[in-house]
Structure formats: C-alpha cells, structure tokens
Amino acid sequence: MNVKTLHDKLIQYMARCLNLEENSFVEEYGGTLQVISRFNFYIPCLYIDQIRTSSKHADSAAMTFLLQDKELEGLEFEKDNEWFKAPVLPHAIFVNVGDQMEIMSNGIFKSAIHRVVPNPEKERISLPLFCGPAQHKEIGPLKALITKDQPAIYKSVKNYNEIFFRYHPTGIRPITTVKMT
Ligand SMILES: O=C(O)CCC(=O)C(=O)O
Ligand SMILES: [Fe+2]
C-alpha cells in the first residue's frame, strides 16, 4: 500500500467517524495530496531541558506518518498538561493529527502536541512524512461541521505552512492565529 492510499483511507475513516460522507476530507484537499518528507538526525546532546522545551510543537500538516528510531525513545506527547512517552515500536508507523486536520474538522480532531527529548550519549533518527492539501488550496472547517450550535472556530486558510513557519519560531502557537475572533 502506498502513502496516498493509506492516507486517503485513513481520512475516509475519520470522516465516517464524524458521520460525514466518506470523501469529505479528501474533497477539501481538492484532489491533490502534498507529502513532504524530512529525515531527522539528532546528535547526542547534553542540553536536554532546553531541547525538550524548544522542540514542543504540533505539526503543520493534516496528518503525519512517522517512522521512529528502532532503538531509542525520545518522542513525547502532551495530554491534559502531562507528557507521555511514545514507545519504541520498530517498523510501526505513528500517525499524528496535525493543525490542518484540526482546522478542517473545526476543532474536533485536535492536533497532537509533541516534543523530542534528546539523548546525552546516542544518536537518534526519525522519518516523518507530512501529508496535507496542496498549499495553493484554500481549506477551512468543513461546511457539514458548521452549525448554529457549533460555529466555525477557524478561518479558511491558504498556504498554512507559511503561516506555521512564520509563527512557530516566535513561540506563538500557529493555529491560534487562524482562529475566528
Ligand atoms: O523525531 C521524532 O520522533 C518526531 C519528529 C517531529 O515531531 C517532527 O519532525 O515534526
Ligand atoms: Fe512533529
């Protein structure tokens, strides 16, 4: 199964979980899936507290597929102000919800806040695939998820990656800048 097939299946199931027509998210993407891959190589590092704090983020993508280091843990997720370690599961693909899925689902699927804790002695690698709509496509909360009781909480956006990389280094959580006021 290739990445597009896996990705599209997953967002079809996610649409069905919300009682939506199964292609609702696929159609919001406008027919193009953009996949950006990155190879993360973490050198041994003693500045554990600084890196732990500065690496906190949620991904800009809609969905991230992440292949983690086969031996070394390091990834942690935040829930209710507590941090939880992602286990080392060789060859497993971790799936994260990113900001663009939070926007399209009108806040129902929350983007996962995570961070990486460096190891003082060993190198670590990871390979994320950031999947989302093409950047020229405007996306927003799906119409079927906007009601009188639950109005749109996010604005429609284009090129969210640009917004993300403008705000992320400043410490402002990028998704908060596209909230309805
Ligand atoms: O290295 C990891 O396990 C996570 C990397 C990550 O969160 C990212 O590249 O956005
Ligand atoms: Fe990430």
Side-chain angles (χ1 to χ4, degrees), residues 2-4 6-8 10-11 14 25 29 32-105 107-135 137 139 154 157-179:
N2 66 27
V3 171
K4 180 165 166 47
L6 177 66
H7 170 273
D8 287 359
L10 198 63
I11 63 172
M14 289 168 79
F25 290 121
Y29 278 50
T32 308
L33 172 67
Q34 176 181 285
V35 182
I36 298 173
S37 60
R38 184 162 68 205
F39 186 83
N40 292 322
F41 177 73
Y42 304 91
I43 54 169
C45 177
L46 291 170
Y47 300 104
I48 294 181
D49 285 340
Q50 288 92 324
I51 304 289
R52 186 170 31 213
T53 307
S54 65
S55 67
K56 173 177 165 174
H57 67 283
D59 294 338
S60 163
M63 306 296 296
T64 303
F65 295 141
L66 178 68
L67 255 185
Q68 282 215 82
D69 196 285
K70 286 196 285 236
E71 285 162 16
L72 207 60
E73 58 183 26
L75 180 62
E76 296 185 348
F77 286 91
E78 189 187 47
K79 188 172 186 300
D80 302 330
N81 296 319
E82 263 192 78
W83 287 96
F84 298 88
K85 282 183 190 198
V88 173
L89 292 172
H91 309 298
I93 297 173
F94 284 73
V95 180
N96 287 342
V97 170
D99 283 353
Q100 292 184 68
M101 177 51 80
E102 177 160 341
I103 293 168
M104 287 186 285
S105 68
I108 296 175
F109 293 124
K110 303 264 185 283
S111 55
I113 295 181
H114 52 284
R115 66 185 184 187
V116 176
V117 184
N119 188 286
E121 279 148 26
K122 292 185 181 158
E123 295 161 350
R124 180 175 175 274
I125 57 172
S126 70
L127 178 65
L129 294 181
F130 301 106
C131 302
Q135 290 302 290
K137 170 74 177 67
I139 55 148
Y154 292 111
V157 289
K158 251 190 205 177
N159 200 357
Y160 183 73
N161 280 345
E162 191 275 319
I163 298 172
F164 184 90
F165 287 109
R166 185 151 28 106
Y167 286 102
H168 177 60
T170 70
I172 296 171
R173 205 176 157 203
I175 197 167
T176 61
T177 70
V178 299
K179 275 207 155 153

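All residue numbers in this chain count up from 1 along the given sequence. All values reported here derive from a predicted model rather than from experimental measurement. Whatever order the structure lists ligands and atoms in, that order sets their numbers, starting from 1.
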Give the numbers and elements of all ligand 1 atoms closer than 4.0 Å to a heavy atom of [X].
X: Arg38; result: 8 (C), 9 (O), 10 (O)
X: Val116; result: 1 (O), 2 (C), 4 (C)
X: Pro128; result: 9 (O)

- Among the N, O or S atoms that His57 has, which is closest to the Fe ion (ligand 2)?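 For His57, the N/O/S atom sitting closest to the Fe ion (ligand 2) is NE2.
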Kindly indicate whether the side chain of [X], heavy atoms from C-beta on, has any atom under 4.5 Å from the side chain of [Y].
X: Gln68; Y: Leu89; result: no
X: Pro133; Y: Tyr160; result: no
X: Gln100; Y: Asn161; result: yes
X: Phe25; Y: Ile139; result: no

- Tell me which one of Arg115, His114, Arg124 gets a heavy atom nearest to atom 3 (O) of ligand 1.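 Result: the heavy atom closest to atom 3 (O) of ligand 1 is in Arg124.
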- Item | Protein contact to atom 2 (C) of ligand 1 [nearest heavy atom, distance to 0.1 Å] |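 Ranked first by proximity to atom 2 (C) of ligand 1 is Ser126 OG, 3.4 Å.
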- Using the Fe ion (ligand 2) as the apex, give the angle to atoms NE2 (His114) and OD1 (Asp59), rounded to 10 degrees.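 Result: 100°, to 10°.
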- Query: For ligand 1, which part of Asp69 has a heavy atom less than 4.0 Å away: the side chain, the backbone, both, or neither?
  - Reply: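 Neither part.
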- Query: Backbone, side chain, both or neither: what part of Asp59 comes under 4.0 angstrom of ligand 1, heavy atoms only?
  - Reply: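 Asp59 to ligand 1: side-chain contact only, backbone stays beyond 4.0 Å.
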- Out of curiosity, Asp59 CG to His114 NE2, how far, rounded to the nearest 0.5 Å?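 Between Asp59 CG and His114 NE2, I get 3.5 Å after rounding to 0.5 Å.
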- Item | Straight-line distance of Ser126 OG to Phe94 CZ, nearest 0.5 Å |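 That separation rounds to 10.5 Å.
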- Message: Once you measure the plane-to-plane angle for His57 and His168, does it fall in the parallel (<30°), tilted (30-60°) or perpendicular (>60°) bin?
- Response: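 Rings of His57 and His168: perpendicular, over 60°.
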- For Tyr42 and ligand 1, answer yes if some heavy atom of the residue is under 4.0 Å from a ligand atom, otherwise no.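 For ligand 1, residue contact (heavy atoms, under 4.0 Å) with Tyr42 is present.
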- Message: Measuring from non-hydrogen atoms of Gly74 to any atom of ligand 1, is the shortest distance under 4.0 Å?
- Response: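 Gly74: no contact with ligand 1 (<4.0 Å).
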- Query: Distance-only, no hydrogens or angles: does the Asp69 side chain make a donor-acceptor pair with backbone N or O of Glu71 under 3.5 Å?
  - Reply: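 The answer is yes, because a donor-acceptor pair under 3.5 Å joins these two groups.
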